[in-house]
Amino acid sequence: MVIGQATISFKFIWDNMGLFLDGVKLTIFIAVIAFTLATLGGLAVALMRMSKSRLVRMFVATYINVFRAIPLLVFILFVYYGIAISFELQVSAIQAGILALTLQYSAWLGEIFRGGIQAVSHGQREAALSLGMGRPQAFMRVVLPQAFRIAIPPTGNMFIGMVKDSSLVYLIGVPELLRVSNRLANRTFRYFEVYLATVLIYLVLTTSIYFMVKYLERRYALIDVLTARARRFSVFGGRRAARLRSLQEKVKQPRAVAPLEMDMGDADVADHGESVAGGPDRPG
Amino acid sequence: MKAANPSAGSAPESVVRLRGIHKSFGSNHVLKGVDLRVERGEHVVVFGPSGSGKSTLLRTTNLLEQPDEGSVVFRGKEYGPGFKEEGLPRGRARELRQAVGMVFQQFNLFPHLSVLDNVTLGLRRVKGISREEAELRAAAQLERVGLLEKIGSFPALLSGGQQQRVAIARALVMDPAVMLFDEPTSALDPELVGEVLAAMRALAKTGMTMIVVTHEMGFAREVGDFNVFMDEGVIVEAGGREIFTDAKEPRTRDFIRAVL
C-alpha cells in the first residue's frame with residue numbers, strides 16, 4: 001500500500017515486538033508501583049483530612065490543593081531536573097518519575113477515599129461500636145470495607161489515568177513504552193505504523209484494566225436485590241450453601257437456646273430474598 | 001424513687017443506673033439532669049414527644065453519647081464525668097458496650113456482610129471466639145428470631161422487619177446484661193411492626209432486662225414494668241402500668257391521651 005511517498009508496512013513492527021514489550025513492561029512497572037504507593041498515600045491523606053487536629057487538616061488540605069493544581073508534566077520535570085539533577089541527588093529518572101506520579105496521585109486518591117469513607121452512614125460505625133469494638137476496629141472491619149466498595153469505580157479510573165500519565169515520564173528519559181516508540185519512529189521514519197501500534201498497545205492496557213475494575217466492582221458490590229438476582233448462583237450456590245445448610249441442620253437438632261415464642265401473624269412478607277438452603281419456610 | 005438492696009440476693013438489684021445526666025448539643029440542652037435506675041429483669045419503657053431527649057438518654061446509656069455531666073453506673077463501675085468523690089472505679093466505654101446490646105431505629109446492619117456474618121462479627125472480633133463456635137451461636141440466635149433460613153442472605157434482601165430481627169439477634173448473641181431499643185419499629189412499614197414487637201415481647205418473657213424507647217403505646221402497656229415519660233430533657237413522671245390510666249402530671253395525661 002502506498003500513501004504519498006511512504007510504503008505502509010507493519011512487518012517491522014513484529015520484528016521490533018521485543019522493544020515494544022520492554023517498553024510495556026516498564027510502563028506497567030511504573031504504573032503499578034506508583035499506584036500502589038499512591039493508594040497508601042491516599043489513605044493517609046484521607047485519614048489526615050478527617051483528623052481531629054486543625055493543623056493536620058490544614059496541612060493536608062494545602063497538600064491536596066497544591067498538588068492537584070500543578071500540571072503533572074511540569075511537576076515531573078521539576079522533580080527530576082529541578083531537584084534531583086540540580087542538587088545532584090542519587091535518584092534515577094525512573095525513581096523521580098514514580099515519586100512525582102505518587103505525590104500527585106496521592107492527593108487525588110485521598111479525596112476519593114475520603115468521599116468513600118464519608119459516604120458510609122454514621123450508624124454503621126455506631127453499630128460496630130455498640131458491639132464493643134474499638135474505634136480502629138470499627139473502622140477497619142465495618143467502615144473501610146464499605147468505603148472500599150464505594151471507591152472501586154473512581155479508583156479504577158485513577159489507575160487507568162495512571163497508566164496513561166506514566167507516558168509523561170518519557171520526557172525525563174525513562175525508556176517506557178512511549179519513549180521506545182518515539183525512538184523507533186525517529187530511527188525508521190515509520191511514524192504512522194509505530195504510533196498506531198503504540199495507540200493500540202495503550203488501548204489494550206487500559207481496556208484490560210477497565211474489565212478488571214468491572215469485575216472487582218461486581219465481585220465486591222454491596223448486595224442489593226438486583227445484583228443478587230444477577231448473581232444467584234455465585235452467592236447462593238456451591239460450597240457455601242452446603243456449609244450453611246449443615247449449620248442450619250446442627251442448630252435445628254438440639255435447641256441450643258430456647259426459641260423465642262413469637263406470636264406473629266404475617267411474618268415473611270415483602271420477602272425478596274432466596275432461602276439459602278432452600279428449606280421450607282418455617283411458620284412464624 | 002425505687003429502693004434497692006444490693007446485699008440481698010432476691011431483692012431487686014440494679015443493673016444500670018443513670019445519675020444526673022446532662023447533655024447538650026451546642027446550645028441545645030437536651031438532657032437536664034436525668035436519674036434512672038433499672039433493675040434486673042425489668043422492662044423500662046421511655047416515651048414522650050419527639051425532641052424530649054429520650055433517644056439521647058438511651059444513647060448515653062451505652063456511651064454513644066458522652067454525657068457532659070453525671071454518670072452511668074454499670075456492674076460496679078462508673079462511666080462518664082461522674083461524681084469523683086464517690087470512688088467507684090472508672091470503666092472504659094468498650095467494656096460497657098460489650099455487655100449492653102443496642103437495637104437502632106434504622107437497623108444498621110452491615111450491608112457488606114451476610115446475615116450470619118453480621119451476627120458473628122462481634123463474637124469473633126470482640127470476644128475472640130472461633131469461627132465455628134461463633135457460627136453455631138449466631139445460627140441459634142437467628143433461629144430464635146425465626147430467621148435461620150436466612151443465614152446466607154444479605155441485609156438488603158430482607159424486609160425491614162426481618163432486618164430488625166437480625167439486628168436483635170446480633171445484639172443478643174453477645175449475651176448482654178441489658179438490651180436497649182431505640183424506636184425499633186419507627187422505620188418499619190406498618191405491616192412489619194408486628195413481627196418485631198413479637199420478638200421483643202418474647203424476649204421480655206425470658207426475663208431480659210430491657211430499656212425501650214418507643215411510640216408503641218400498646219406494647220408499652222403490655223410489657224412496660226416501669227414507664228418513664230420524658231419531656232424537654234427531664235423525666236416528668238415515671239411509674240408502673242397505672243401511669244397509662246391515671247397519670248398524675250397533666251403533661252403526661254395530655255401526651256397519653258394524644259397518642260392512644
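All chains are named by letter (A, B, ...) in the order of the sequence lines, taking the proteins before the strands, and each is independently numbered beginning at 1.
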Assess whether atom CZ of B:F25 is packed by more than 12 heavy atoms of other residues, nucleotides or ligands within 6.0 Å. yes

Do any of residues 133-148 of chain A come closer than 4.5 Å to chain B, heavy atom to heavy atom, and if so which ones, in number order? A:M133, A:G134, A:Q137, A:R141, A:V142, A:P145, A:Q146

Residue among B:E135, B:M174, B:E95 with most heavy-atom pairs under 4.5 Å to chain A: B:E135

Residue pair A:L131 / B:Q98: nearest heavy atoms and the distance that separates them: O-CG, 4.1 Å

Per-residue contact mode, B:F110 against chain A (heavy atom under 4.5 angstrom): both

Contacts with chain B made by residues 116-127 of chain A (heavy-atom distance under 4.5 Å), listed by residue number: A:G123, A:Q124, A:E126, A:A127

Quick check on the interface: out of B:R131, B:E132, B:R92, who has the most heavy-atom pairs with chain A under 4.5 Å? B:R131

Heavy-atom pair of closest approach, residues B:N62 and A:S130: ND2-CB, 3.4 Å

Quick check on the structure: residues of residues 180-188 of chain B within a heavy-atom distance below 4.5 Å of chain A, by number. none

Tabulate, in ascending numerical order, the residues of residues 41-67 of chain A having at least one heavy atom closer than 4.5 Å to a heavy atom of chain B, or enter 'none'. none

Heavy atoms only, distances under 4.5 angstrom: which of B:R125, B:K127, B:R170, B:M102 has the most pairs with chain A? Name it, please. B:R125

Which of B:L96, B:V103, B:L109, B:L63 touches chain A most, by non-hydrogen pairs under 4.5 Å: B:L109

Do A:V251 and B:I151 have side chains that approach each other closer than 4.5 Å (heavy atoms only, starting at C-beta)? no

With rounding to the nearest 0.5 angstrom, report the CG to CG distance, A:L247 to B:L148. 7.5 Å

